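The shown structure was predicted, so the numbers you read here are calculated from the model rather than taken from an experiment. Starting from 1, each residue takes its place in the sequence as its number.
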Amino acid sequence: KARFFILWFLASALVITLVSPTIPTLKTVVVHSRETCDRDIVSVLDASGSMRGPFWGDQESGITKFEALRDTHYAFAKERNGDCFTTVLFSGRQGRGARYPEKERGYAFVANSFVKDPEELILPLKEGIGEENPASLLGQFSQGTEISEGFVVADKFLKEASTAKTKALILISDLGNEIKDNERALATLKSIIDQGTSAYIFGVDPYKDDQFYKDIRALEDIGKLHYFEVQSKEDMARAYDIIGRLEPS
């Protein structure tokens, strides 16, 4: 009986492992205990499949949108000695065979929190999401785009974990959101802004015909957020420079 139980337990564990969606964990996730910082900066980063390619106007450099995101995010953090960074990565169910059962596990997670060391900050991003590394857990996570998933996780962190008096949210995405997700994404973003959190949106080669892009620009028009059009790595760096002036370290 004991031998049967052990074999049954091992077989069950194997089946669960094989059928469960692969979500980046362990070596990629660095979560610190709650602490008070001068400013909490929560970066909500798009890890969807469309971020794997190069910028539309910069095909020759070979740098992808996600790589530009990683490099400029790192450079910005190096100048922010008094701030704490939290990184939220999001994707969605659609694409690459839709391996994630709908809403069973969610499509966003906190990759790190309360981080001050820039080297530690980019650890979850180092594997990238490109096709050249099929073993990358982050690459397997990279599928569709459901921005609300990232906002919901960020909103929970800002409400329940952050104790800083000054808070900022940075979204970096191509804004090609799933249509059915738009209402939830906008409602959550407005809730975050209404809490007094400054919001900065990077539209990376954005899908300008999509309704979500239009709704973001409408919020910019009434002064609810700061929007940056990003068509190159240099544009991304310039946007971070402006944030640095608006949010002095």
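Here the shortest heavy-atom pairing between L138 and P124 reads CD2-O, 3.4 Å. What you find for R39 and P248 is that their closest heavy atoms are NH2-O, 3.2 Å. The two residues E247 and T166 come nearest to each other via the heavy atoms OE1-CG2, 3.9 Å. Summarising the geometry of P206 relative to E229, their closest heavy-atom pair is CG-OE2, 3.3 Å, with the distance given to 0.1 Å. Taking every heavy atom of both residues into account, I147 and S173 meet most closely at CD1-OG, 3.8 Å. Closest approach of V88 and G150 over heavy atoms only: CG1-O, 3.7 Å.
With hydrogens and angles disregarded, no donor-acceptor distance shorter than 3.5 Å links the side chain of T87 to the backbone of N112. Checked by atom type and distance alone, the side chain of E120 never pairs as donor or acceptor with a backbone atom of K116 at under 3.5 Å. At distances below 3.5 Å, at least one donor-acceptor pair connects side-chain atoms of S91 with backbone N or O atoms of F141. Of the possible polar contacts, none joining the R70 side chain to the I122 backbone as a donor-acceptor pair under 3.5 Å is found.
Atom OG in S148 sits 11.5 Å away from atom CG in L189 (nearest 0.5 Å). Taking NZ of K78 as the reference point, atom CG of D117 lies at 10.5 Å (rounded to 0.5 Å). Here the straight-line distance linking atom CZ of R52 with atom CD of E67 works out to 12.5 Å at 0.5 Å rounding. With rounding to the nearest 0.5 angstrom, the CZ atom of F109 is 12.5 Å from the CD atom of E149. To the nearest 0.5 Å, atoms CD1 (I41) and CD1 (I243) are separated by 8.0 Å. For the atom pair F76 CZ and D83 CG, the distance stands at 7.0 Å (nearest 0.5 Å).
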Evaluation steps, ring pair (Phe, Tyr, Trp, His ring centres under 6.0 Å), between F90 and F151: CA-CA 9 Å; F90 73 89; F151 280 160; 7.6 Å; no
Derivation of the side chain to side chain contact (heavy atoms under 4.5 Å, CB included) call for F55 and V204: CA-CA 8 Å; F55 293 93; V204 182; 3.5 Å; yes
Verdict with supporting geometry, V42 and F85, side chain to side chain contact (heavy atoms under 4.5 Å, CB included): CA-CA 6 Å; V42 180; F85 286 83; over 6 Å; no
Intermediate values then yes/no, side chain to side chain contact (heavy atoms under 4.5 Å, CB included), F157 and D155: CA-CA 5 Å; F157 173 85; D155 187 36; over 6 Å; no
Side chain to side chain donor-acceptor pair (under 3.5 Å) between N177 and T145, intermediate numbers included: CA-CA 5 Å; N177 199 40; T145 307; 5.9 Å; no
Candidate pair V152 and K156, rule side chain to side chain contact (heavy atoms under 4.5 Å, CB included), full reasoning: CA-CA 6 Å; V152 167; K156 181 178 177 65; 5.7 Å; no
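Among pairs with a residue in residues 163-201, those fulfilling ring pair (Phe, Tyr, Trp, His ring centres under 6.0 Å) read Y200-H226, at least two apart in sequence or across chains.
Annotation: side chain of M236 is not in contact with side chain of S232 (no heavy-atom distance under 4.5 Å). Using a 4.5 Å cut-off on side-chain heavy atoms (C-beta onward), D210 and N182 make no contact. When side chains are defined from C-beta on, D205 counts as touching K65, because their heavy atoms get closer than 4.5 Å. Put simply, the side chain of E119 reaches to within 4.5 Å of the side chain of Y74, judged on heavy atoms.
Salt bridge status for R184 with E146: absent, with no side-chain N to carboxylate O gap under 4.0 Å.
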Side-chain donor-acceptor contacts of residues 214-224 below 3.5 Å, not counting sequence neighbours, with atom names and distances?
| unit_1 | atom_1 | unit_2 | atom_2 | d |
| --- | --- | --- | --- | --- |
| D215 | OD1 | Q211 | NE2 | 2.9 |
| R217 | NE | E220 | OE1 | 2.8 |
| R217 | NH1 | Y213 | OH | 2.8 |
| R217 | NH2 | E220 | OE1 | 3.2 |

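A 6.0 Å sphere centred on CG of D209 holds no more than 12 heavy atoms belonging to other residues, nucleotides or ligands.
Listed by chain and residue number, L158, S162, T197 satisfy the side-chain contact (heavy atoms from CB on, under 4.5 Å) test with K167 (two or more places apart in sequence, or in another chain). Residues meeting the side chain to side chain donor-acceptor pair (under 3.5 Å) test with D235, sequence neighbours left out: R238. Residues that satisfy the side chain to side chain donor-acceptor pair (under 3.5 Å) test with Y207, not counting sequence neighbours, are absent from this structure. In terms of the ring pair (Phe, Tyr, Trp, His ring centres under 6.0 Å) criterion, residue partners of F202 (sequence neighbours excluded) are, by chain and number, F228, Y240.
When only modelled atom types and interatomic distance are considered, Y107 and Q143 share no side-chain donor-acceptor pair under 3.5 Å. At a cut-off of 3.5 Å, with distance as the only test, no side-chain donor of S113 or T86 sits close to an acceptor on the other residue.
Linking Ile, Leu, Val, Met, Phe, Trp and Tyr residues whenever their side-chain heavy atoms come within less than 4.5 Å places I193 and V44 in a single cluster.
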